[in-house]
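To find a chain, count down the sequence lines: A is the first, B the second, and so on, and within it residues start at 1.
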Amino acid sequence: MEIIRSIIVTLFVMIFTENIVFSRSLGTDTIVAVSKNKKSIFGFSAAVTYLCTVTNILVWLVERTFRSAADYQTYQPVFYICILCVLYFVTIMLVWRFMGDRIDHIRKYIHFAVFNSAVLGTMLLSSVDCRSLHEYIFYGLGSGLGYSLALYLTASVYDRLSSEKVPAAFRGYPLIMIYLGILSMAFFGLSGMPLGTF
Amino acid sequence: MPEQDQTQNKTSDYKFSPAANFLRKNPLLACGLAVSPAVLYANTLENAIILSMFMTALTFLSLTISSFIPRKIVYTSRVILYTLIGALMFVPIYILFSKIMPEKTVSMGIIAPLLITNPFIVSRSELQFFRESKGKMFADILTTLAGYDIAVIIIGFIRELLSTGGIGGQLYGIKYTFSGIGFPFGGFIIVGLLAAAVRLISRFFRRKTK
Amino acid sequence: MKNVNEKTDLQIHGNILLCLLVLLGMAVYYYGLRALVTAALSSAVCVFCDFICVKMRKRDIELSDLSSLCTGLAIALMMPASVPYYIIVICGIFATAIVKHCFGGHGCEIFSPACAAYIFAEICYSSEVLSYPKVFDYPDLSSAVSNDLFPSFSKTMQTASAAPVSDYEMLIGRCVSPMGTGIIVLLAVMGIYLMAVRISSFEVFLSQTAVYTLAALILGTGAAKIKYDLCGGMYLFVSIFIICRNAPKTLKGRIIYGICSGALIGIFRYCALAENPAVYAAVIAAPVGIMISDREAQRKEAAADAGAGSDSE
């Protein structure tokens, strides 16, 4: 029961309170790039969620093995990059094996998804916040779902953000930043940070 | 192997214009690259300077070494090698920064390792830098990084001035401040407004030259 | 031929302005001249800023566009009577220049300018925006007031076991709250009026309130305190004037939108312990409403194309 409760809390926190995009501003570059193409949103967000979850499992293994080693903190990113590279290679192989005819189209998105600050950021954050395997798994899953939420919220209004009615100087990227800023401001209220003097 | 190498041809459609990296093609304010570190960490001038130094050192060294990787190797493997080189370059740079400014390096937290997979190393290298001759490549890399650094420093300066009313603890008598600008949402809004300003300025200059 | 149910912009904002002016009247009665000065300043800043932005964009000024006035009044009514004037000016500029005109001006806004500006002020100036004078303790007209300030009724009820005011006082707005969002009876009358003239959506309000009440029962304070949650935290004001106004067109869309906004308000209130959860929920629910409206428009277009195709066959 306690585990189920902690899973629900972890998922809730990672999707809303500490959303990887709105609270930590990670993965913003790829959101700007991918939200143009509505057809690829579901696949891309699924890819990021899968990557966040699987990499976190591997992070748990690495942390279990090397956490107590000397100077681990300095070399920690090297281990994590190795995890990302292995997963990139494995993912490309899997896509080539099962979706060979679409590899050229999908490869670009795999590249974006793997080398995404949201994925690496989740790995780095989970090494601080998590201890047990289920915490790592659901931390990664929640982070991926939080990224997906941000991507959907941006893609749903992308046409409006780049419409002719928007002043030319703001059309597209500048307005997406302001849009993310206002949403981030609203999500800030979820962080429960104490406001006011009472 | 699943893909063919599509980047054998050194002469590309990309037009070499280093001066554009400061304004019209500024990597942060025009192209939206590596936004996360700027929004998250560059909330003071000091942080912005440290971020730009770390980013420049890591990216320049990584790209310099990566430029010697032969084009014959398939794309997937090349990208993996670029990031591994970035990770290996991270270690000595991090140790150096820890010796020079230990508290600030610790305060960078996850930002420093996140720079390993910055878009300059992971995608711009293939799309732009490695398609040029060595001389143009170095000029392009340096001007791109300079454009990014200048943008980050301006963002840090503005955010610190607006959120605290001063720079580096020195107050300038600004009566009304916006403490929220120091948070990530303030970073997003400032980046958006500056990106719009850069677009306006570059259009003004373009009209003037025409 | 124009559908009799479609209202012009002037009719919509005219009705809203009327309701806000009535609320302002009560605010002046409770908090004195300062409420009037604050509202006038807020409206003037919004209108002036709107004028400047329209001129900079080289557009024509539409005299029938009352949206800036409505935004200015809404900002003022969501603030405490003691709020310093510079915060009102900053809110007005933020609401008009950034939240309205950067997104394309009137009719193109994604977020409610008043809600976004309020959140900005609450985060940047939390101690000034979240402390309120008592009713009939008229604050003076200087920017910084000398009156004693208190936490809102909504904040107090998060931890108190008993309400500091009676139900009657709560209904007529004689409790510590923002200037125009605590007068429950008036808000209820206005809500009924705006829903009757189809400016605010009854379906959204009903579904939202049902979900919020459910959230209160499951996550929150229990059945005894639900009335305080529904009457406090700017719930009625934001629901009637902002959330329910920007509803999708179909019944199904409205119910879904209402469920989403009600869930968000519940999450903000009971998980994040936000003092004014409806304001935050209004901002996050806005793109959800747009997503639903766009899907409805696409389905309608597809149905129209299919109908035209079968006719031609």
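Nearest heavy atoms, C:Ile123 versus B:Ser179: O-OG, 3.9 Å.
With rounding to the nearest 0.5 Å, the separation of SG in C:Cys124 from OH in B:Tyr176 is 15.0 Å. Taken to the nearest 0.5 Å, the OG1 atom of B:Thr177 stands 6.0 Å off from the OH atom of C:Tyr125.
Looking at heavy atoms from C-beta onward, B:Phe178 lies in side-chain contact with C:Ile90 at the 4.5 angstrom threshold.
Atom CZ of B:Phe204 has 12 or fewer heavy atoms from other residues, nucleotides or ligands within 6.0 Å. For B:Phe205, the CZ atom counts as loosely surrounded, since its 6.0 Å shell holds 12 or fewer non-hydrogen atoms of other residues, nucleotides or ligands. Around atom CZ of C:Phe48, no more than 12 heavy atoms belonging to other residues, nucleotides or ligands sit under 6.0 Å away. The number of heavy-atom neighbours closer than 6.0 Å to OH of C:Tyr85, taken from other residues, nucleotides and ligands shown, is above 12.
Residues of residues 188-201 of chain B lying within less than 4.5 angstrom of chain C, judged on heavy atoms, are B:Ile189, B:Leu193 in numerical order.
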